[in-house]
Amino acid sequence: MTTAAATHELTREEIQRFENEGYLGPYTAFSPEEMEAMRPEIDRILQEPHRTCLKFNGKPVEGHQGRHLDRRLVWELCSHPAIVERMAGIKGPDLVLWRSNFFVKQPGDKAIPWHQDRAYWPIKPEINITAWMAIDDVTVENSCVQIIPGSHKLPLEHVPTDKEINTFDKGANVQGVDLSKRVHMVLKPGQFFLFDETTLHHSEPNRSNKRRCGLAVRVTVPKVKVNHAELYHGHKCVLLRGEDRYGLNEMAQPPLE
Ligand SMILES: O=C(O)CCC(=O)C(=O)O
C-alpha cells in the first residue's frame, strides 16, 4: 500500500547528497494552481497582526513571522507531508517546528547577504533543517535564493554588512569561498527546497517588477533547546512529527482555524 510517508520518502542517494551538499530539491508540495488558490488568503494573513500574544520589545511581531501558530493555512503549508516526511529521512522521526517566516521581496528590495543561519539563532545545539517554499513564481530575475553546495561543512565568521545594500546587519565573511559554485533555486509556486543550518545562501536585490514571496519552515529535533525569550514573547514550538521525549521547550497545539 502506498502511504503519504512512503510517497515522500527520500532515497539513500538523496540522503547522501544532502550530507555532501547541504541542500536538496526542488520538490513539489502544491501545484501552481493550488498555490494560486491559496495566495489571496496568504496575502490577507501577511497584512494582519498576529492573533496570539506575540510581541517583541513591546511591539506586535511583524505579520510575516510565526504565522503557523495563529493561522491554520500557514500550519498546513508548513506541515505538508512532502516537507515533513523528507525532513524525517534526514533528521529522524521526531521533529519540532520552532519557527516560520515569510520572506517577501517587493520589486526593488535589497539583497540578503551571504550567510549561514546558525550565526543568528537562539537554539542549542544548532540543529535545523529549513524548507523554503515558493508562494510566488520564483525566478533569477525576482531574486531566488542562491546556495553554495558543500558550504555547510565550514561555519564562517559573520561580520557587519553595508546596510545601504543589504537587509541583514551581519553576513558571512566569504573571502576564500568560491561563489561561482552558486546554485539558483528557481521554483514554481508550491515547490520547495531543503537546506542545512550551515549552508551558505543569499539572495540578490529584486531587479524585476514582480513580488517574490517564500515561506521558510524551520524544523529541529526535541533534544534542542530553543531560547523562546530571545525570539518573542509568547513564542512556542509545535510538534510536527513523532514524539517529544525531552520536554525542553514550551509547546503549542496547531491552530484550528
Ligand atoms: O528569502 C531569501 O531571500 C533568504 C532566505 C533566507 O535567508 C533563509 O530562509 O534563511
Side-chain angles (χ1 to χ4, degrees), residues 18 21-27 29 35 42 46 62-68 74 77-78 83 86-87 90-91 97-123 126-149 151-152 155-156 158-159 161-163 165-174 177 179 182-208 210-220 226 230-231:
F18 188 83
E21 302 199 330
Y23 83 104
L24 274 181
Y27 297 108
M35 190 52 86
I42 294 171
L46 285 168
E62 295 163 33
H64 58 243
Q65 293 236 30
R67 304 312 298 267
H68 64 276
V74 183
L77 296 177
C78 294
I83 295 178
R86 287 187 173 91
M87 287 182 167
I90 293 167
K91 295 290 179 203
L97 172 60
W98 69 280
R99 197 170 193 192
S100 71
N101 50 302
F102 287 96
F103 280 94
V104 182
K105 285 178 80 171
Q106 300 291 354
D109 277 358
K110 293 189 235 179
I112 290 183
W114 287 106
H115 66 282
Q116 296 167 317
D117 290 332
R118 63 184 290 149
Y120 305 82
W121 284 344
I123 59 174
E126 289 128 338
I127 298 171
N128 177 79
I129 181 164
T130 295
W132 197 102
M133 185 194 284
I135 305 300
D136 296 332
D137 202 15
V138 173
T139 62
V140 171
E141 294 70 33
N142 73 1
S143 70
C144 66
V145 176
Q146 303 175 11
I147 63 109
I148 304 291
S151 54
H152 62 304
L156 297 169
H158 281 61
V159 294
T161 53
D162 180 353
K163 286 283 284 174
I165 54 168
N166 279 301
T167 40
F168 290 5
D169 291 336
K170 60 178 185 172
N173 179 352
V174 291
V177 178
L179 297 178
R182 69 186 71 192
V183 176
H184 291 81
M185 302 309 302
V186 169
L187 303 171
K188 290 277 157 230
Q191 286 193 312
F192 67 94
F193 66 100
L194 300 172
F195 63 105
D196 188 85
E197 68 281 342
T198 314
T199 307
L200 188 62
H201 59 289
H202 93 145
S203 60
E204 292 185 357
N206 183 351
R207 299 190 179 93
S208 77
K210 297 209 170 94
R211 184 186 80 165
R212 190 228 62 182
C213 177
L215 173 65
V217 181
R218 319 284 196 193
V219 173
T220 188
V226 177
E230 257 193 62
L231 286 162

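Ligands are counted one by one from 1 in listed order, and the atoms in each one are counted from 1 as well.
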Item to check | I83 side, atom CD1; L77 side, atom CG - distance, nearest 0.5 Å | outcome: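 Between atom CD1 of I83 and atom CG of L77 there are 7.5 Å.
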Checklist entry - Roughly how far apart are F192 CZ and R86 CZ, rounded to 0.5 Å? => result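 Rounded to the nearest 0.5 Å, the CZ-CZ separation comes to 5.0 Å.
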Would [X] count as a polar contact of ligand 1, with the cut-off being nitrogen or oxygen pairs under 3.5 Å?
X: H201; result: yes
X: T130; result: no
X: S143; result: no

Checklist entry - Contact between H202 and ligand 1, counting heavy atoms under 4.0 Å? => result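 No, that is not the case, since the closest heavy atom of the residue is not under 4.0 Å from the ligand.
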Below 4.0 Å, non-hydrogen atoms only: which portion of [X] touches ligand 1? Side chain, backbone, both or neither.
X: H115; result: side chain
X: R218; result: side chain
X: Q146; result: neither
X: Y120; result: neither

Does [Y] offer a backbone N or O that forms a donor-acceptor pair with the side chain of [X] under 3.5 Å?
X: Q191; Y: K188; value: yes
X: Y23; Y: I148; value: no
X: N128; Y: V219; value: yes

Item to check | Check: Y120 ring centre within less than 6.0 Å of F168 ring centre | outcome: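 Yes, the ring of Y120 comes within the 6.0 Å limit of the ring of F168, centre to centre.
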Next on the checklist: For H201 together with H115, are the ring centres under 6.0 Å from each other?
Outcome noted: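 When the ring centroids of H115 and H201 are compared, they turn out to be within the sub-6.0 Å range.
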Item to check | Minimum-distance protein heavy atom relative to atom 5 (C) of ligand 1 | outcome: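 For this ligand atom, the closest protein heavy atom is W132 NE1, 3.6 Å.
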